[in-house]
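One structure below.
In what follows, chains are A, B, ... by sequence order, proteins preceding strands, each numbered from 1.
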Amino acid sequence: MQYWLIKSDPETYSFEQMKKDKRTFWDGVRNYAARNHLRSMKKGDLCFFYESMRGEPAIRGVVKVVKEHYQDPTTTEDWSCVDVEFVEGWKTPVTLKEIKANKKLSQMALVRLARLSVQPVREDEWEEILRMKEKK
DNA sequence: GCCAACGTTGGC
DNA sequence: GCCAACGTTGGC
């Protein structure tokens, strides 16, 4: 089992929408590194849902991979997408500011490779973020 | 809205 | 295959 973090610009697809849809296909990834991560995702893997750009950039909840990668239907080029399902929304999101302020998370791709839209999360990082969420 | 950081493109 | 130019992302 692997953990991931997927980013979305809420103007394109918000966590609010994710919650409403319950399930969606994660399309539109147009970056090779991100695509490779999509292709490594396994059914049952958990992902943090991160919203960028508008408002406070933050992790807002958790979604689960329910279908492994397949051809992105929005293009004929060689890109992939996966299906994800809503798991839980957090009342108080864990913000980028808080993540940056936490020394244990300084190695996170979110901090070091800000533009990578699909990234792996280490187990200790996953747990640390859950701890931060619980403490609120 | 600005701009730094990064990825991609294309000329050589 | 290098690297400058350009486009895009995303934090602030």
Side-chain angles (χ1 to χ4, degrees):
Chain A
M1 159 107 151
Q2 248 293 156
Y3 297 106
W4 307 92
L5 181 146
I6 55 180
K7 279 203 284 197
S8 188
D9 170 5
E11 216 155 306
T12 310
Y13 192 84
S14 65
F15 190 58
E16 195 65 19
Q17 192 62 43
M18 176 82 245
K19 205 167 171 177
K20 246 182 261 168
D21 291 346
K22 291 290 172 209
R23 176 175 175 150
T24 191
F25 59 107
W26 204 258
D27 67 319
V29 169
R30 296 291 183 270
N31 167 288
Y32 291 107
R35 184 188 72 181
N36 292 340
H37 291 315
L38 274 186
R39 290 181 178 177
S40 316
M41 284 183 174
K42 291 276 182 286
K43 203 171 163 179
D45 283 357
L46 295 173
C47 316
F48 285 137
F49 191 113
Y50 176 89
E51 275 186 359
S52 63
M53 309 280 247
R54 227 203 331 199
E56 179 96 83
I59 296 171
R60 306 201 170 269
V62 176
V63 298
K64 183 168 71 176
V65 177
V66 287
K67 185 174 179 189
E68 291 175 20
H69 74 93
Y70 55 97
Q71 173 64 34
D72 184 335
T74 64
T75 177
T76 53
E77 286 171 68
D78 186 24
W79 296 106
S80 295
C81 69
V82 298
D83 285 5
V84 293
E85 188 179 79
F86 177 83
V87 175
E88 62 177 25
W90 299 347
K91 258 179 273 167
T92 45
V94 174
T95 65
L96 180 62
K97 213 194 299 173
E98 291 164 334
I99 291 168
K100 280 185 169 168
N102 188 329
K103 281 203 192 76
K104 288 185 201 150
L105 301 176
S106 62
Q107 292 306 302
M108 273 193 83
L110 185 63
V111 178
R112 303 194 310 155
L113 299 162
R115 292 181 53 187
L116 186 58
S117 58
V118 179
Q119 46 183 266
V121 174
R122 294 202 317 243
E123 197 174 347
D124 59 309
E125 293 165 347
W126 180 273
E127 282 164 6
E128 180 62 19
I129 287 170
L130 288 184
R131 265 197 295 279
M132 289 166 74
K133 191 257 307 181
E134 293 303 329
K135 252 187 264 169
K136 294 194 172 188

Whether A:Tyr13 and A:Trp26 hold their rings parallel, tilted or perpendicular, with breakpoints at 30° and 60°: perpendicular
Residues in contact with DNA chain B, drawn from residues 24-32 of chain A - heavy-atom cutoff 4.0 Å: A:Asn31, A:Tyr32
Passing option when A:Glu98 is tested against A:Asn102, A:Val94, A:Leu96 for side-chain contact (heavy atoms from CB on, under 4.5 Å): A:Val94
Salt bridge or not for [X] and [Y], using N-O below 4.0 Å?
X	Y	answer
A:Arg131	A:Glu134	no
A:Asp78	A:Arg35	yes
A:Lys104	A:Asp124	no

Steps toward ring pair (Phe, Tyr, Trp, His ring centres under 6.0 Å) verdict (A:Trp79, A:Tyr70): CA-CA 8 Å; A:Trp79 296 106; A:Tyr70 55 97; over 10 Å; no
Qualifying ring-ring contact (aromatic ring centres under 6.0 Å, His included) pairs with a residue from residues 90-111 of chain A, counting only residues at least two apart or across chains: A:Phe48-A:Trp90
From CA spacing to verdict: side chain to side chain contact (heavy atoms under 4.5 Å, CB included), A:Ile59, A:Leu5: CA-CA 9 Å; A:Ile59 296 171; A:Leu5 181 146; 3.9 Å; yes
Whole-Å distance separating the CZ atom of A:Arg112 from the P atom of C:dG11: 17 Å
Touch class at under 4.0 angstrom, heavy-atom based, for A:Leu96 against every strand present: sugar-phosphate
Touch class at under 4.0 angstrom, heavy-atom based, for A:Lys97 against every strand present: nothing
Nucleic acid footprint by protein, nucleotides 3-9 of chain C - heavy-atom cut-off 4.0 Å, B for base, S for sugar-phosphate alone: ----BBB
